[in-house]
Amino acid sequence: MRSKLTFWGCLSLVALLVCACEMNLYSFVADDDDPDALLEGVRAALDERDYATARAKINALKGAGNDSTDVRLLEVATDLGESGLDMWEILVSVLETATGLGLATATTANDGVSQFFDSITGSVLGTGDTRTQRMDALRNSLRRLFDAPEPKDSRIKGMSCLLAGVLAVPLFSDMQGAITSAADSLTQIGSTVAAGGDPCEDLGEFESSVSSAADNANDFALVLEAATSGCAFLDVSKTSGLNTVETQVKKLTTSADQGCSALPECPASNPNCNEIFPECVQDAMGIGSTSSNSSGDGRISGCELILFCRTAGNCF
Amino acid sequence: MRADEVFRLLDSTRFAMRGHTYVAAWDSDEATKANPATLAEAGKLALQFRWLQFDAFIGSNAVATISDVASAASGSGSGLDFLKKFGDKFGERQFLRLQLLPLALRVFRFEMAPFVTNATRVDLHLPQTPEFAFSNDTIAGVNLAYAHPIGKEWALGVTLRPFYRNYMSGDLGVADVTGLMGATDFDMSTFFLNRGAMGLGLDIGAIWNVTKVARLGLLVQDLGDSGYLSGDDPGPPPIRQKVSVGGLARKSWGKWNLDFMGDLEDLLDKADIGYLRHLHLGTEFGRSLFTRDHDIGLALGVDEGYIVGGAFLDIWILRLDIANYAAETGYNPGQAVDRRWAFSMRTTTTF
């Protein structure tokens, strides 16, 4: 009887000790500053969506001079996670709207890619400050990837292609907004010129549009860098079978990359078309400046966007 | 990254419950999973048939996942509902291992033990930029072991292990998936591996009985890294050589014994996981009822720093072992624990 009690008592003690005990007796002597341990710690923190810990460990890694493809990819994951841009949530959100968009019935791989990008709507990126934060995260992540120790690593390239595609979708919308705003300002400037007024008196709104267009152009440069690096699904060198993002990038590049060193010639039907570009406006846009873009240089500037994309259907 | 759990070709519930200590263990029906030199302690055992041994090792995370899969298979909820459940599984290894050892034969100091083992691991990491990895490792073979005593204190043993291994693994990130969507021509072998080959392994073990109740053991498993003789080229990942030392001391009270064990596995750290994780400690309290081994008992251990334990019972026609143990899936001890249950059932006839 006594030995039975002792046996069951010991069994209960073992069960209690084992099942209730998550602690590790060796952890206090483990080297937490070991680079491999820090890397694994970042992954574990990101799995738990603990971004403060992940960021602290990444800073510890980089502070000790440990920068690698793995560190950069984890840093990108931290950037995205901190802004709330969680690819898993995006994937679930995309699949939830998939039936409506026909993603499940995509007949070609390109249909699938197009529909994936089409699914990245305002609800994924959010609005207001949230949207700004997430666009910043995408932008910063792309810069980190392009600046990685091994930029040609397939994982770096694959991730930069994906993020460039995700960035491109809201970027095209922002570009159109900046161009429309600039066009409205130019229309007002034209009216002022026609009425004999001083078009340079109040350029505040126009300069703001120019600045937005310039920022958009800088973001587009990131997209273009990815699209010309050999992405499978973001490749502007293709001549057929382009998805929606590739089509848009190609159209924009072809139509807008015409240089900003001088104003374009006016057509015979509208010989005074450049009246809306007095000198002050040209200065604000950077037309003819030493840093202005040339035609066919593979880059788009804010100036080129405003000069060549104001006509509906020309660039978008 | 080098974080990975310790590889074991054949695992044991009994070893798991006592911190995976086995190098200097007493002779048991699982000698060929441990140190073959213990076969030299055959004693009165002339002939033994082990008709069947079934071992199962399942991670606590996998239990919930299997339940989710069963629920999805039964049609309750949509595919999307099933996928959403995986949102909670990031960083939780899904692990299942099954082992079958049929028709093993022991004749004095010789043993032949066929086996088949299958271990599956699934990992989902980084919800921000999801990564999916899995491996499925099937090994079928036979352990042919023999031991010989040298004097009164020493014993040497050897296990020859011809086997066939099929290893499948996959590693896919979200950027890889979107890349596949746009590519017209891609090579899946970039992301998935399926390799099979015949191999041969050799274990050599030694036991030094310092006293009647204390002993030291030395074990070299998979001498020279078990290689592959034929099959796919390149073949599955090599099974690395593991050199381990261990000790055991016994304290007895009548028929009850308390064994203290300690092993330092992989002295050369070929697994490259740091020496702390190679230190294993265990204790077992039990007694013999019918066999040369403990037939009833409790065990407690420290396995890679985690407290583990279990119990076992031999009811003559059947032997049952149950353990709760832990595997480190991070890099440092304590970084990422996968708590697991192990269950073993064995039926033997001994003459």
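Nothing here was measured: the structure is a model prediction, and the numbers come from that model. Every chain is numbered from 1 and lettered A, B, ... according to where its sequence line falls, protein lines coming before strand lines. Computed over heavy atoms, backbone and side chain alike; hydrogens, waters and symmetry mates excluded.
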So which part of A:Asp32 gets closer than 4.5 Å to some heavy atom of chain B, the side chain, the backbone, both or neither? both
Would you check if B:Val302 and A:Tyr26 make a side-chain contact, meaning some heavy-atom pair closer than 4.5 Å? yes
Mind checking ring pair (Phe, Tyr, Trp, His ring centres under 6.0 Å) for A:Tyr51 and listing every partner two or more places apart, or none if nothing turns up? none
Separation between OG1 (B:Thr129) and CG (A:Asp79), nearest 0.5 Å, reads 11.0 Å
Atom group of B:Glu304 that falls short of 4.5 Å from chain A, counting heavy atoms: backbone
Any salt bridge between B:Glu131 and A:Arg155, counting N to O under 4.0 Å? no
Non-neighbouring partners of B:Ala342 that pass side chain to side chain contact (heavy atoms under 4.5 Å, CB included), sequence neighbours left out: B:Thr13, B:Phe57, B:Ala323, B:Tyr325
Quick one: which of A:Leu46, A:Val29, A:Thr78, A:Leu25 has the most heavy-atom pairs under 4.5 Å with chain B, could you say? A:Leu46
In Å and rounded to the nearest 0.5 Å, what is the CZ to NE2 distance from A:Arg43 to B:His125? 4.5 Å
Answer with side chain, backbone, both or neither: which region of B:Leu279 has an atom nearer than 4.5 Å to a non-hydrogen atom of chain A? both
Do B:Val337 and A:Asn24 come close enough that some side-chain heavy atom pair is under 4.5 Å? no
Decide if atom NZ of A:Lys62 counts as having more than 12 heavy atoms of other residues, nucleotides or ligands within a radius under 6.0 Å. yes
Least distance between heavy atoms, A:Ala30 atom then B:Pro333 atom: CB-CD, 3.9 Å
Could you tell me the separation between the CG atom of B:Leu124 and the CG atom of A:Asp47, rounded to the nearest 0.5 Å? 8.0 Å
Hey, which of B:Gly305, B:Ser60, B:Gly334 has the most heavy atom pairs under 4.5 Å with chain A? B:Gly305
